[in-house]
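Structure record follows, encoded as structure tokens.
Below, chains carry the letters A, B, ... as their sequence lines are ordered, and counting in each starts from 1.
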There are 2 protein chains.
Amino acid sequence: MQGKDVVLGLLNDQPRTGYEIKDIFETRLAYFFDGTYGMIYPTLRKLEKDGMITKEVVFQEGKPNKNIYSITPAGKAEFAAYMQTELADESIKSDFLLRMYFGKHLTTDQALAFIETQIDHQETKLRTLKAHYNEWIRNGITDLQIVTYKYGVANYEASLTVLKQAYLDIADRQ
Amino acid sequence: MQGKDVVLGLLNDQPRTGYEIKDIFETRLAYFFDGTYGMIYPTLRKLEKDGMITKEVVFQEGKPNKNIYSITPAGKAEFAAYMQTELADESIKSDFLLRMYFGKHLTTDQALAFIETQIDHQETKLRTLKAHYNEWIRNGITDLQIVTYKYGVANYEASLTVLKQAYLDIADRQ
DNA sequence: CTACGCATGTAACACGTTACATGATTCA
DNA sequence: TGAATCATGTAACGTGTTACATGCGTAG
């Protein structure tokens, strides 16, 4: 699972600009993927060079020009091949949990502050995911995409439950 | 949060070999971090070169020699500085969820197979985490380390609930 | 007058991954 | 006889991150 697989997959559904791809990353894939412009544009460039996608430049008034990318038959084949590969393991990097792991080098206040920050982060992400769900439905969501949504929501909620309980436990013991 | 922060943190608690560090990655940090030997040994080397840790070679009979690394005052300062930095966002990469997102290019059987594989993966990881918990307690676990354990368990369980329900839903609808 | 939305890009860098390489001992 | 445990490493490679750079229109 690399950046190009995600980009290609999104273009496999419909032609899009790099900007639109970034938007989807943030609203729909946010729970399980992140990619910056610094990855998107170079990837688009390489994919075009390799004949996987084609670029159409659209001139706009009052707005910057757009590069709309469309997938080619070669790109479709490449994407289909990716879809047949073996599942790679899920991987999580949590700076927060690392701080907790090394928590004995923290004061109680510092630990509490980290927990609060993490609660904020998770609540914000959960809100973002939920906020875009209705629009997602309106624009057409598949059954399996609903699974990705539920998976994200369930995990955010599970994390928040543990975080809030931990906050109370630590604060009490002070 | 980089590899060197994790390595330094583990050496901050006690002297260890690269092999032992890898073992901790797999048994205790597995939910939220992963690092291979290809990262560990070069990191250890660089940390030593930078004066953050020192190496002691221990000759063993019937087993390969060990390099036991200990943290220096400079290393302790470096680690303490890391612990004061701002929390970085949690990041998840899930190949499984990407397949679900692009699930309309899959047959029902393929989708089901991916869900089964993911259930296996998550169950294995959950079992590993739980299996090492008792030993962790015996060797001394902190309150905040218990939070990392609970966080991992809660998330694995939340994922599994969604996965199993999804499996039934999809299988039914066939 | 500031911030946000729209829109694209590059260059340098660092980090980690992958594959390869070795080898004795012990347990099943 | 094969697999697992103990134990360490390198070299090449690729991917993605970070910081920088630009610029108009609109809404508050």
May I ask you to check whether [X] and [Y] show a side-chain donor-acceptor distance below 3.5 Å?
| X | Y | answer |
| --- | --- | --- |
| A:Asn139 | A:His132 | no |
| B:Glu157 | B:Gln122 | no |
| B:Arg28 | B:Tyr133 | no |

In whole angstrom, what separates [X]'s [atom1] from [N]'s [atom2]?
| X | N | atom1 | atom2 | answer |
| --- | --- | --- | --- | --- |
| A:Leu44 | C:dA7 | CG | P | 14 Å |
| B:Tyr41 | C:dT17 | OH | P | 15 Å |
| A:Asp23 | C:dC4 | CG | P | 16 Å |
| A:Arg16 | C:dA7 | CZ | C1' | 17 Å |
| B:Ile21 | D:dA7 | CD1 | C1' | 13 Å |
| B:Glu26 | D:dT5 | CD | P | 10 Å |
| B:Asp5 | C:dA14 | CG | P | 15 Å |
| B:Asp50 | C:dA14 | CG | P | 12 Å |

### Message
From C-beta outward on B:Gln60, which listed nucleotide comes closest to its side chain: C:dA7, D:dG9, D:dA7?
### Response
D:dA7
### Query
The side chain of B:Tyr19 lies closest to which of these nucleotides: C:dT8, D:dC6, D:dG9?
D:dC6
### Query
What do you reckon, is CD of A:Gln60 surrounded by more than 12 foreign heavy atoms closer than 6.0 Å?
yes
### Message
So, does B:Arg45 get its side chain near the phosphate of D:dT10, meaning an N or O under 4.0 Å from OP1 or OP2?
### Response
yes
### Message
With a 4.0 Å cutoff (strictly under), does any side-chain N or O of A:Asn67 reach OP1 or OP2 of C:dG9?
### Response
yes
### Query
Do the ring centers of B:Tyr149 and B:Tyr31 come within less than 6.0 Å of each other?
no
### Query
So, for B:Phe96 and A:Phe32, is the gap between ring centers shorter than 6.0 Å?
no
### Query
Which letter, B, S or -, goes with each nucleotide of nucleotides 12-28 of chain D from 5' to 3', with contact meaning a protein heavy atom under 4.0 Å?
---SSBB----B-S---
### Query
Just checking B:Phe59: base, sugar-phosphate only, or nothing, at a heavy-atom cut-off of under 4.0 Å?
nothing
### Query
Can you name the nearest heavy-atom pair linking B:Leu8 to B:Gly75, along with the distance?
CD2-O, 3.8 Å
